[in-house]
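One structure is given here, and the rest of the page talks about it.
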2 protein chains.
Amino acid sequence: MSDTPPPIPDAAGRTVTLDDVARIAKVSAITVSRVINRPHLVSERTAKRVRSAIARTGYVPNLLAGGLVSQRSRLVIALVPSVANPAFTETMTHLGTRLAAARYQLLLCQSELPHQEESTLIDAVLSRRPDALVLTKPLSTPTARQRLLARGLPVVESWELNADPIEALVGFSHAAAGAAMARHMLDHGYQRIGLLWSEDQRAETRRRACLETLIEAGVAVGAQAAVPVPVGMRHGREGLARLLEMDPRLDAVICSIDLLAQGVLAEAQARGLRVPHDLGVLGFGDFEFAAHTHPRLSTVRVDSARIGELAADHLLRRLEGDKPTSLVHDVGFELLVREST
Amino acid sequence: MSDTPPPIPDAAGRTVTLDDVARIAKVSAITVSRVINRPHLVSERTAKRVRSAIARTGYVPNLLAGGLVSQRSRLVIALVPSVANPAFTETMTHLGTRLAAARYQLLLCQSELPHQEESTLIDAVLSRRPDALVLTKPLSTPTARQRLLARGLPVVESWELNADPIEALVGFSHAAAGAAMARHMLDHGYQRIGLLWSEDQRAETRRRACLETLIEAGVAVGAQAAVPVPVGMRHGREGLARLLEMDPRLDAVICSIDLLAQGVLAEAQARGLRVPHDLGVLGFGDFEFAAHTHPRLSTVRVDSARIGELAADHLLRRLEGDKPTSLVHDVGFELLVREST
DNA sequence: GCTAACAATGACAGCGCTGTCATCGATGGT
DNA sequence: ACCATCGATGACAGCGCTGTCATTGTTAGC
C-alpha cells in the first residue's frame, strides 16, 4: 500500500544548499554560484571567503537544480553495447578525459542490457537531459533517431561511416577494411580461405566486402561460419573446428574480430597446425593481446583513441554554440602485418 | 475554447513539457505525472487519453525537474576503474538489469581517468544526486568516504571484503584466494614457484597471502616480478622472461590475473616450454578466454554476476526505505583446475 | 569636478516537476 | 437515508539553482 516511497534518508538533517553557504560566507546565493561556475566575476577576497564556507559545510552543488534552470546539465552520455567490449575502451577514455577538461562529465550507459528496447533506452537517456550524446553504433529505431533530431541535441555517431548520420560521424569504412583484409590474404598467396564471422551489423559489412574481393580475385572461399555475439575466444576455437570440417584443406582463416582469431590460433595449436605455415590467420581490431600472442597476430588497427578525441572536439565545438555542422571524419585503419599471415 | 485543433507538437522549438501534454489531454499536469509514475492511481480511460497525448507530442519527462522536487533521481551510478576491465562486466550487466526492472537507471563512471582526483570525482558524481552508488573498489580518500557517510547515500562496495565498509560489502576474501592459489600449487607438487603480480591493492593482498602460504610450506619462491596496471598480455610475456632470468629452473608461475597468465602461456610456448609439464601456470579471474586457451588455463573463478545481483538487491531494499544494514556478503571463489597446472 | 565605463554584488523570478492536501462523486454498510 | 470510505482528479507551493537586470562603489578621462 505504501506506494509513496520515503525520501532518501537524510542522515544529519537537511542537506547543505547554496543558501546555507551564502549565509555563512555572508554573501548572496548568486555570488556563491558564481564562485563555483564563473569565478572570474568574483573578487578574490570574496571568493576566498566563499570557498572556505564551501569547505566547512561540505557543500556539493545540486546539478539537478542547476541544470533545470540553466538548461545545461554538463552531462554527456555515451552509449556502449556493454562494458565488455574492449574496442571502445580507448575511445571512452580519451573522450572522457577531454570532456572533463571542459567541465563536462561523461557517463556511460550500457545499451545491450536484456529486455531493454532501444527507443525506451533513448528516452531514459534523454530524460536526464544530457548536453550531448555519443553513440558507438547507429540507432536502428526510427523513432529514436527522430527524438534526437527533434531535440537538436549534439550527437556523434562513431565507429562507422554510415550513409545517413544524425549529425556527426567519426569512424572508418568497414567495407574498405573488409576489402583490405581480403587483399592482404591474396597478396600472401592464400588459396583456400575460410571466413569466421560474428553476427553483427558491422562485421557483416566487412564480411561482404571481403568476400566480394576474394571472389573477384577468383580465390576459393572454402568455408564460412557465423558465430553469435557477444563473441569470445571460445567461438574462435569452435569456429575453426567447424570450418575445418567443411573444408579440411583450408589454408587461411579471416576473422571478424581478434577475439575469434585468438581462438583460432589456440585451436590450430591444439591440432598441431602451424601458423602461418599451415594456416594463415587474420584478425581485426588490434586488441592489446594481438601483439603478444604466439605467433603475433596480423590484424587491422583502428585508432580508437583518436575517435574519442575527435568526438570530444566536435561536441565541445557544438556545445560552445557552433551550428550543427555535418562532420564526417574518417579515421581510417591500418593493416598490421605480424606473424600469423 | 474547446474546438481549438491540437497544437502541432513542438512547433516553436520549445521542448514539450508536462503542461503541454496536460493541455492536450485535457487533464491537469499532476494527472499526467501520475500516468507516468503511478499509473494505478489513474483510471484507464484517462490514462489512455494521456498516453496518446504523450505519444503525439513525443514528450520525454525531465528527470532533472522531477528529481529536484521528489529528491529521487532514479539514478544509480557505478564507479568502474575503466571500461577496459572485463572483470566487472558481468557485475555491471546484472546490476543494471536488476535495477532497470525497478525503474532505476544505472550509469557508469570511469574512475581512472587521467588528472582525475578521487574526491573531485566523488563530488562530481554526488552533484548528480544519484539515489545510490556502487563502488568496484574502496575509496582511498577519507574526505570522499566522509561525503558519502554524511549524505547517508546507499552505497555498495564490491569485489572485496575490506575491514571498514561504508555500508554494504559484496565480495570475497582476496587473502583467502591467494592462499588457495598457493595451496593448489603445493598440492600439485611444484617446487620452484615464480610470482607474477600486478601493482594494485587487491592483487597485492592475494600475493601476500599466497607467498605466506608458500613459505610456510617450505617451498622455494624462485622469483617475483611486479607489472604496472593496467595490465595486458604483454606484461605476461615480458614477465615470464624476467622471472626465468632470475631463476631459470622455475617449475611454475602464479599470476595475479588471467591476462598475465595468458601472456605467460604465450611466452612459454614461444620458448618451447610445455605447459604444464615444464611449467605450471595459474591465473586468477576466469575471464572468458581462460577456458579456451591451449592448454586451458587453471584459474580462480569469482561469481561476478552474483556480485551484481546482490548489490542490486541490497540497494533496492535500501531504496525501499530499509535502514542501512551493514551487510557483508562473501560470494566466495572457486579454484578451477584445468590443464595448465 | 563630472561623466562614462566598469567591476562587484545582489534581488527576483521561474526552470519543470511532484508532495501534499483538498475536492467531489460513487459505493456500501446499517 | 446517512455517514464513512474510497477512487479519481486537481490546486498550489516550492525543490535548489541561475539568467537577467538593477544597484552600488571605483577608476579613468578630460
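So you know, we letter chains A, B, ... as the sequences are listed, proteins then strands, and number each from 1.
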Calculate the interatomic distance between B:Leu64 atom CG and D:dG16 atom P; express it in whole Å. 15 Å
Nucleotide of C:dC15, C:dC17, D:dC17 approaching B:Thr17 most closely (side-chain heavy atoms): C:dC17
Counting distance only, does the side-chain N/O of B:Ser304 pair as donor-acceptor with the main-chain N or O of B:Ala87 below 3.5 Å? yes
What's the closest nucleotide to the B:Val69 side chain, out of C:dC15, D:dC15, D:dG16? D:dC15
Find the distance B:Leu126:CG to D:dC17:P and express it as a whole number of Å. 14 Å
Closest nucleotide among C:dC17, D:dG16, D:dG19 to the A:Asn62 side chain: D:dG16
Find the distance A:Ile30:CD1 to D:dG16:P and express it as a whole number of Å. 16 Å
Taking the nucleotide of DNA chain D with the closest heavy atom to each, which residue, B:Leu68 or B:Ala29, is nearer the 5' end? B:Ala29
Please determine if a side-chain N or O atom of A:Thr31 lies less than 4.0 Å away from the OP1 or OP2 oxygen of C:dA8. no
Enclosure of A:Glu117 CD (heavy-atom neighbours >12, cutoff 6.0 Å): no
CG of B:Leu63 to OG of A:Ser73: how many Å apart, nearest 0.5 Å? 12.0 Å
Has the side chain of A:Arg34 got a donor or acceptor that lies under 3.5 Å from a partner of the other kind on the base of C:dG10? yes
Just by modelled atom types, is the A:Arg74 backbone N or O under 3.5 Å from a matching donor or acceptor in the A:Arg103 side chain? no
Strictly below 4.0 Å: does B:Asn37 bring a side-chain N or O up to OP1 or OP2 of C:dT18? yes
What's the closest nucleotide to the B:Arg38 side chain, out of C:dG19, D:dG10, D:dT9? C:dG19
Pick the closest DNA chain D nucleotide for B:Glu44 and for A:Arg72 by heavy atoms, then say which residue is nearer the 5' end. B:Glu44
Do the side-chain N or O atoms of A:Tyr59 get closer than 4.0 angstrom to the phosphate oxygens (OP1, OP2) of D:dC17? yes
Please state how far atom CG in B:Asp20 lies from atom C1' in C:dC15, giving the value in whole angstrom units. 14 Å
B:Gln71 CD to D:dC17 P: how many Å, rounded? 11 Å
Any side-chain heavy atom of B:Thr143 sitting closer than 4.5 Å to one from B:Thr141? yes
To the nearest Å, give me how far apart CG (B:Leu18) and P (C:dG19) are. 12 Å
Rounded to whole angstroms, how far apart are CG on B:Asp19 and P on C:dC17? 7 Å
Counting only side-chain N and O atoms of B:Ser70, is one of them less than 4.0 Å from OP1 or OP2 of C:dT18? no
Find out whether A:Glu167 and A:Leu327 are in side-chain contact, i.e. whether some heavy atom of one side chain is under 4.5 Å from a heavy atom of the other. no
For a quick test of reading the model: is some side-chain N or O of A:Ser43 closer than 4.0 Å to OP1 or OP2 of C:dA8? no
Whole angstroms only, please: what is the CG-C1' distance between B:Leu63 and D:dC15? 14 Å
If the cut-off is 4.0 Å, is B:Ser33 near the phosphate of C:dT18, judged by side-chain N/O to OP1 or OP2? yes
